[in-house]
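Worksheet: one structure, shown below.
Just the heavy atoms: all of them, side chains too, but no hydrogens, waters or symmetry mates, feed the values below. Every value quoted in this text rests on a predicted model; they were computed, and no experiment measured them. Order of the sequence lines fixes the chain letters, A, B, ..., with proteins taken first and strands second; residue numbering starts at 1 for each chain.
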Amino acid sequence: MHDIKSIRENPQDFDQALQLRGIYGMSAKILSLDEERRSAILDAETATADQNKAAREIGKAKSSNDENAFKILRDLVSSKKKEVASKSARAKELDQELTNLLMTIPNLPLSDVPVGKDELENVEIFKWGTPPEIKNAKEHFEIAGAKPGMDFETASKLSGSRFVLLRGSIARVHRALSQFMLDIHVTEHDLTETMTPVLVRDEAMYGTNQLPKFAEDSYKTTNGWWLIPTSEVTLTNTVSGRNLSESDLPIRLTAHTLCFRSEAGSAGKDTSGMLRQHQFEKVEMVSITHPDQSLEEHTRMTKCAQAILEKLCLPYRIVVLCTGDMGFGARKTHDLEVWLPGQKKYREISSVSVCGDFQARRMLARFKPTNGGKLKFVHTLNGSGVAVGRCLIAVLENGQNEDGSISLPAALSPYLGDCNRISSTGYLEKKV
RNA sequence: GGAGACGUGGCCGAGUGGUCGAAGGCGCACGCCUGGAAAGUGUGUAGGCGGGAGACCGUCUCGUGGGUUCGAAUCCCACCGUCUCCGCCA
């Protein structure tokens, strides 16, 4: 959420930044509402002050047994009360209206974010590895060694489309990947391992901006919980409502959780295979930082995700999302795209965003500066480290051999009983 | 699920209708004291919103939201949360 004061002070900058996201002339609307709101607050508080003053005098009148004064004052307060009620209702209404408006306006892009309208205008800034030469490269669900372990029919019988059931060696590699990622983040990147709920209340979803605007993207239980679409929700909201010490920062967290997404609006996209599912696993990273350190942290977090792909020998590139393709809460986003030989394309496997104080404001997450001074909002960052299902796809496709067997990255073998291969018939093997 | 207790400032804790944003303590900050420190001692020490050039003023906040009352931390209702006992259970 945006700071009304900074919009007041700098409406041009605000409009200019939002324009890059295709939103025009927003400040005028906000400021006129704000002005109306402030005068309503002044009205209401003036009336309240009058009422309070009279009420305090009643106390004195009572204690000096001045019955006459008591009666007069009581009637005065009584009449003021009606005035206060209507005026403060109006003030509250306008305040709510302003909040509602501010809640639906996306974050401002940083000045170095490329301007563009959609993913075609994202800018590649880094490339690692060389896409392997594979004759007749197949997609993951077509590879002989993967097929027995990837059962879409049974999953759809149980749950419908966009679900998969993994079995045997593929299920084990999937599990190995998540363990591997967590271990690296904990032992090499100094992130704190966290196990979080996947069912959350409204407030948490507001904090990380899934609500109020994107309710249709997530699932809600009959008793009002939301299934998290990412553990960004739970990890980031761990600091909601808190006044931290500056020395607590940065807080670096990671979690491996299930994620649930309705994929409303993506009908027809990525319908085959397990690239886009209603339910998937993801290892997430979240950092809570001092405002001066969030940009540095953005680089650090991106490197944490890069390290995973590099250790798994998966070719990838990094793109900076353009203004039109960035998510609602982000000021700048690095997408890591992994090479998928079956599609002959780079596909998103991680998205690392710096949100500034946008989420902190919604969550009321602040810290007390060490050298005194007022509470300040923290900065938040989140990134995938990385999507487990998609990583499985990348491992299978990049490791596929012409005979349908799959070579697995050495980094995984400690998690696979030293195996480094899946045979063309779908069994884990140890080959020297 | 049944029964009960409770929710006050950074922390502990007093306050059961009147000037209470709230005693006292701890912690913290700054001073005094000291050769230096400890001890002692003095002062200060929440946040949001609004007004004001500023000093400062107003308003709201004692889990959250409503209500009663001239007046609520204190009474009533709902919700959220914590704890204890019983039951059930991975």
Would you indicate, yes or no, if [N] has its OP1 or OP2 atom less than 4.0 angstrom from a side-chain nitrogen or oxygen of [X]?
{"X": "Asn52(A)", "N": "U59(B)", "value": "yes"}
{"X": "Lys81(A)", "N": "G71(B)", "value": "yes"}
{"X": "Arg38(A)", "N": "C49(B)", "value": "no"}
{"X": "Arg37(A)", "N": "C49(B)", "value": "no"}
{"X": "Lys368(A)", "N": "G47(B)", "value": "yes"}

Roughly, in whole Å, what's the span from [atom1] in [X] to [atom2] in [N]?
{"X": "Gln51(A)", "N": "G58(B)", "atom1": "CD", "atom2": "C1'", "answer": "14 Å"}
{"X": "Leu42(A)", "N": "G50(B)", "atom1": "CG", "atom2": "P", "answer": "11 Å"}
{"X": "Asp43(A)", "N": "G58(B)", "atom1": "CG", "atom2": "P", "answer": "18 Å"}
{"X": "Gln96(A)", "N": "G65(B)", "atom1": "CD", "atom2": "P", "answer": "12 Å"}

* **Criterion side-chain contact (heavy atoms from CB on, under 4.5 Å) on Asp43(A) and Arg90(A), from CA distance to verdict** => CA-CA 10 Å; Asp43(A) 273 4; Arg90(A) 178 70 184 144; over 6 Å; no

Please give the nucleotide sitting opposite [N] as a Watson-Crick or G-U wobble pair, both distances under 3.5 Å, or none.
{"N": "C83(B)", "answer": "G4(B)"}
{"N": "A14(B)", "answer": "none"}
{"N": "U69(B)", "answer": "none"}
{"N": "G42(B)", "answer": "C30(B)"}

So which nucleotide from [options] ends up closest to the side chain of [X]?
{"X": "Lys374(A)", "options": "G48(B), G50(B), G71(B)", "result": "G48(B)"}
{"X": "Thr48(A)", "options": "G65(B), C60(B), G50(B)", "result": "C60(B)"}
{"X": "Arg366(A)", "options": "G47(B), G71(B), C49(B)", "result": "G47(B)"}

NA contact type, [X], heavy-atom cut-off 4.0 Å: base, sugar-phosphate, or nothing?
{"X": "Lys92(A)", "answer": "sugar-phosphate"}
{"X": "Lys87(A)", "answer": "nothing"}
{"X": "Arg8(A)", "answer": "sugar-phosphate"}

* RNA chain B: Asp50(A) or Leu375(A), which has the more 5' nearest nucleotide? -> Leu375(A)

* Identify, between Asp34(A) and Asp75(A), the residue whose nearest nucleotide on RNA chain B lies closer to the 5' end. => Asp34(A)

* **Worked check of ring-ring contact (aromatic ring centres under 6.0 Å, His included) between His379(A) and Phe358(A)** => CA-CA 8 Å; His379(A) 279 196; Phe358(A) 190 78; over 10 Å; no

* **Any donor-acceptor pair under 3.5 Å from Thr230(A) side chain to Glu232(A) backbone** => yes

* Asked: Can you tell me if Ser287(A) uses its side chain to pair, donor with acceptor, with the backbone of Arg252(A) under 3.5 Å?
  -> no

* More than 12 heavy atoms of other groups within 6.0 Å of Tyr219(A) OH -> yes

* Asked: So, Ser423(A) versus Thr425(A): side-chain donor-acceptor pair below 3.5 Å or not?
  -> yes

* How far, in whole Å, is C70(B) from G58(B) if one measures between their P atoms? -> 25 Å

* To do: Determine the interatomic distance between C1' on C20(B) and the same-named atom on C89(B); round to the nearest Å.
  => 48 Å

